[in-house]
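The sequence lines fix the lettering, A, B, ..., with proteins before strands; numbering per chain opens at 1.
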There are 2 protein chains.
Amino acid sequence: MVLERIHLTIIQEVAREGSLTAAAARLHLTQPALSHAIRKLEAQLGVEIWRREGRSLQPTQAGEWLLAVANRLLPQFTHAEDRLRQFATGERGKLRIGMECHPCYQWLLKIVAPYLDLWPEVDVDVRQKFQFGGIGALFGHEIDMLVTPDPLFKPGLRFTPVFDYEQVLAVGPEHRLREAEYVLPGELAGEVLITYPVPAERLDIYTQFLLPAGISPRQHKPIETTDIMLLMVAHGRGVAALPRWLVEEYAPRFRLHPVRLGHGGVAKQIFLGMRETDADVGYMRAFVEMAAASQTVA
Amino acid sequence: MVLERIHLTIIQEVAREGSLTAAAARLHLTQPALSHAIRKLEAQLGVEIWRREGRSLQPTQAGEWLLAVANRLLPQFTHAEDRLRQFATGERGKLRIGMECHPCYQWLLKIVAPYLDLWPEVDVDVRQKFQFGGIGALFGHEIDMLVTPDPLFKPGLRFTPVFDYEQVLAVGPEHRLREAEYVLPGELAGEVLITYPVPAERLDIYTQFLLPAGISPRQHKPIETTDIMLLMVAHGRGVAALPRWLVEEYAPRFRLHPVRLGHGGVAKQIFLGMRETDADVGYMRAFVEMAAASQTVA
DNA sequence: CACCCCCATGAATAAAATTTATCGTATCAT
DNA sequence: ATGATACGATAAATTTTATTCATGGGGGTG
């Protein structure tokens, strides 16, 4: 029992602030308090955590590694405390939702809005970046629910399909394909393809459309935000693969045209994933049920 | 900062021992020490952790949940301490290997034996049961390396194929199929199938052979250990799907016969999985390299 | 070179955890 | 019933631990 929560806190805060003194201030402690605490830890483990170089602290390899541990474990402590206080006050909590599906954000907002009204005691937090991917974030208790098009049916996780949609090609008002019934892979060989900045193997337009046909677009432009992406498409700077409902929603404003991908189109499903141990948490069930119900309404 | 490591330790130990007094003894503390610690925590969070029923403690919902947190976080603390001490002594460590592949155990032993000689400062631990599956155990830092036939190419994980083999049907010396060149799914409809006790979707004989043909065996017997399984097969109590190399290794002792599954046979690969953050740990690299090299030798 | 900033150290002090001692109560055998 | 026993709660005493205060050393910097 040598390594304690306080040590992790100190290490994290020093990494954040850059100095013991600054970290001490943020933790409402004095500088010697931290100095003593860490030196005791170093003595007990026989490891240096920082190398004292001049007046600044350079983390050693062990220090770097311990920082990673701190970043992983500390949020779990604070979340555990929150969750325990929730037990005191009945059904109240925080639902941490992770997103692995850029355009789903619009859809998610439509679910979250009425959910917040129905569950006034539940806070919702949405996160998008995960060091170990969405699945890793679920297993690592970084998030409680995952919105993803790639479910993983593994022990310990539960995925529920909540939304079917068709992935289409969005083209601008001057585009030669704007009235086409469908588009074939070869017809994209000369196009500029705009996508979200994720690896190609996570993009359906590649995995389900271009790659099987052995086609590459003329150019590939990654864009972060949906609005800018659609703006680019509307102004003839390229084409993008997006959900049909999203293209149709933006069509009046941006003058976009959806074109089916291939003869049969590309069908997609969005899943909500959660840990099985959370299966009986009331406000989490409710979210999945609301999301699933939105399907029939929409 | 109300929830501390000691609280988790107490909760875990009380759940293990069933009483405060017994837990106190194991922790080299007195009973009032634990009593005070937990009551303070309860006061600070406003939650009851145990309901005092007579002379025994019944965990509340919050208590149950906190126990799960303890079981998840405490091993990470002890492992972090171990790992930090390793930094002090150079290349020394503990390699926690998880197995999702029953018959691989024999193969693993052949890798571990020379590895222990080459890396005398590294301890190896092998585990087989995981609440959230092998992938979850990797993400949750329960294990450092996973032996599995089902890799998952997700950000944060790295899988390396280390072993190709053919899955065959093992039959006994009196079996009608013992000299057959191959067996078709329909021919197993009247057989007793012996497998390891895992869900059918994790058994290749189902997913790659029986299910596609819509066939079910006459009976399905789960058996834990390879030796007993082979004994059952050798004595005509059923058939089992196993790696060819394993069947051939046991053949002289048990008088077993391998039969190819289908015309083309069922090809399998074993992968070693690890977290990308561990990619540059010397003794872990070395293990993967040794495992991959064993392929060419065997 | 003087000043500032930052960390280390040791002693003093404040805070905390732990023990000791004791009580109340449920359980069980007789 | 009832006494023995096991268990947890509690309060006060004590020990241990954490934190602060006061101070010193050293490396940058104007």
Side-chain angles (χ1 to χ4, degrees), chain A residues 1-60 62-64 66-67 70 74 77 81, chain B residues 1-64 66-67 70 74 77 81 88:
Chain A
M1 292 279 276
V2 303
L3 185 60
E4 294 292 336
R5 183 179 176 183
I6 185 68
H7 298 122
L8 299 180
T9 310
I10 293 172
I11 282 156
Q12 190 182 55
E13 210 58 58
V14 168
R16 183 185 203 72
E17 295 289 323
S19 88
L20 266 192
T21 317
R26 277 181 58 97
L27 296 174
H28 307 293
L29 287 169
T30 57
Q31 170 264 315
L34 309 203
S35 187
H36 281 309
I38 294 297
R39 292 199 86 84
K40 183 177 172 190
L41 181 71
E42 290 181 326
Q44 284 175 309
L45 294 176
V47 186
E48 267 201 322
I49 290 172
W50 296 300
R51 203 163 298 279
R52 281 73 179 168
E53 283 178 3
R55 61 174 159 187
S56 75
L57 300 177
Q58 217 55 37
T60 62
E64 292 282 6
L66 198 48
L67 175 61
L74 289 178
F77 269 94
E81 289 174 348
Chain B
M1 292 278 278
V2 302
L3 185 60
E4 294 291 337
R5 183 178 178 182
I6 184 69
H7 298 123
L8 300 180
T9 311
I10 294 172
I11 282 156
Q12 190 182 57
E13 210 57 60
V14 167
R16 184 187 201 72
E17 295 289 322
S19 86
L20 269 190
T21 316
R26 277 182 58 99
L27 296 175
H28 307 293
L29 288 169
T30 58
Q31 171 262 316
L34 308 204
S35 188
H36 278 142
I38 294 297
R39 292 200 85 83
K40 183 179 172 189
L41 181 71
E42 289 182 326
Q44 284 176 307
L45 293 176
V47 187
E48 268 202 318
I49 289 172
W50 295 299
R51 202 163 297 278
R52 281 72 179 170
E53 283 179 0
R55 61 175 162 190
S56 76
L57 300 177
Q58 217 54 36
T60 63
Q61 198 193 356
E64 292 283 5
L66 199 47
L67 175 61
L74 288 177
F77 269 94
E81 288 174 350

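- Defining each end axis of the helix from dC1(C)-dG30(D) to dT30(C)-dA1(D) as the rotation carrying four pairs' C1' atoms onto the next four, with five pairs an end, the two axes are found to diverge by 30° to 10 degrees.
- Under the rule for a side-chain contact (heavy atoms from CB on, under 4.5 Å), the partners of Ala62(B) that lie at least two apart in sequence or sit in another chain are Leu84(A), Phe87(A), Val47(B), Thr60(B).
- Remark: Gln58(A) pairs with Glu53(A), Ser56(A) by the side-chain contact (heavy atoms from CB on, under 4.5 Å) rule, at least two apart or across chains.
- Nearest heavy-atom pair, Ala88(B) versus Gly46(A), reported as atom, atom and distance to 0.1 Å: CB-O, 3.1 Å.
- Within the structure, salt bridge (Lys or Arg N to Asp or Glu O under 4.0 Å) contacts touching residues 29-38 of chain A (residues at least two apart or in different chains) do not occur.
- Partners of Glu48(B) according to the salt bridge (Lys or Arg N to Asp or Glu O under 4.0 Å) rule, which considers only residues two or more places apart in sequence or in another chain, are Arg51(B).
- Evaluation of the side chain to side chain donor-acceptor pair (under 3.5 Å) test over residues 31-46 of chain B, restricted to residues two or more places apart or in two chains, returns Glu42(B)-Arg52(B).
- Residues forming a side-chain contact (heavy atoms from CB on, under 4.5 Å) with Ala25(A) (at least two apart in sequence, or on another chain): none.
- Residues from residues 18-31 of chain A with heavy atoms under 4.0 angstrom of DNA chain C, sorted by number: Ser19(A), Leu20(A), Thr21(A), Gln31(A).
- Within residues 32-48 of chain A, the residues that have a heavy atom under 4.0 Å from DNA chain D are, in order of number, Pro32(A), Ala33(A), His36(A), Lys40(A).
- Residues Leu41(B) and Val2(B) come closest through the heavy atom pair CD1-O, 3.7 Å.
- Glu64(A) pairs by the salt bridge (Lys or Arg N to Asp or Glu O under 4.0 Å) definition with nothing, not counting sequence neighbours.
- In 5' to 3' order, the nucleotides of DNA chain C bounding all contacts with chain B (an atom under 4.0 Å from a heavy atom) are dA16(C) to dC28(C).
- Running 5' to 3' along DNA chain D, contacts with non-hydrogen atoms of chain B at under 4.0 Å begin and end at dT5(D) to dA12(D).
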